[in-house]
Visitor: 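Here's a structure for you.
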Amino acid sequence: MEGEGVHVMASGAAGGGADHLVGPVPALQAGGRQGAAGVGAAGPLQARLQARGVPAAHLDLLQGRLRLHTARQLRRRIAASGARLLHL
């Protein structure tokens, strides 16, 4: 995940927040703001974002939301991205 903005969605299932990300994230990129997304494996969100030119990586957040290891892994990936904006 690299970009000015990193968008994180725990579930990749269709509907709700997943449908929301498919609109503004590609629009931000079209306006010159580079972003990336980290999304859950369940559902089509990762493929939908990638089809619109948004780099999207799989994050296994729903399997361990309460695990400290999962939170640390997410923090490391976001810090490594160089993002100036984080959208959870």
Visitor: On a heavy-atom basis, which atom in G38 and which in L59 lie closest, and how many Å separate them?
Guide: CA-CD1, 3.5 Å
Visitor: Hey, does Q50 have a side-chain heavy atom less than 4.5 Å from the side chain of L45?
Guide: no
Visitor: Walk me through it: do H7 and L28 pass the test side-chain contact (heavy atoms from CB on, under 4.5 Å)?
Guide: CA-CA 12 Å; H7 309 272; L28 287 169; 4.3 Å; yes
Visitor: Which atom pair, heavy atoms only, marks the closest approach of A18 to A13?
Guide: CB-O, 3.0 Å
Visitor: Taking all non-hydrogen atoms of both residues, which atom of G23 and which atom of P26 are closest, and how far apart?
Guide: O-CD, 3.4 Å
Visitor: Shortest non-hydrogen contact from Q29 to G35?
Guide: OE1-O, 2.9 Å
Visitor: Does P44 have any side chain to side chain contact (heavy atoms under 4.5 Å, CB included) partners at least two apart in sequence or in another chain, and if so, which?
Guide: A14, R48
Visitor: Tell me, do H58 and V39 make a side-chain contact under 4.5 Å, heavy atoms counted?
Guide: no
Visitor: Identify the two heavy atoms, one from S11 and one from M9, that lie closest to each other, and give their separation to 0.1 Å.
Guide: O-CG, 2.9 Å
Visitor: Check L49 against A37 and note the closest heavy-atom contact, atom names and distance.
Guide: CD1-CB, 3.6 Å
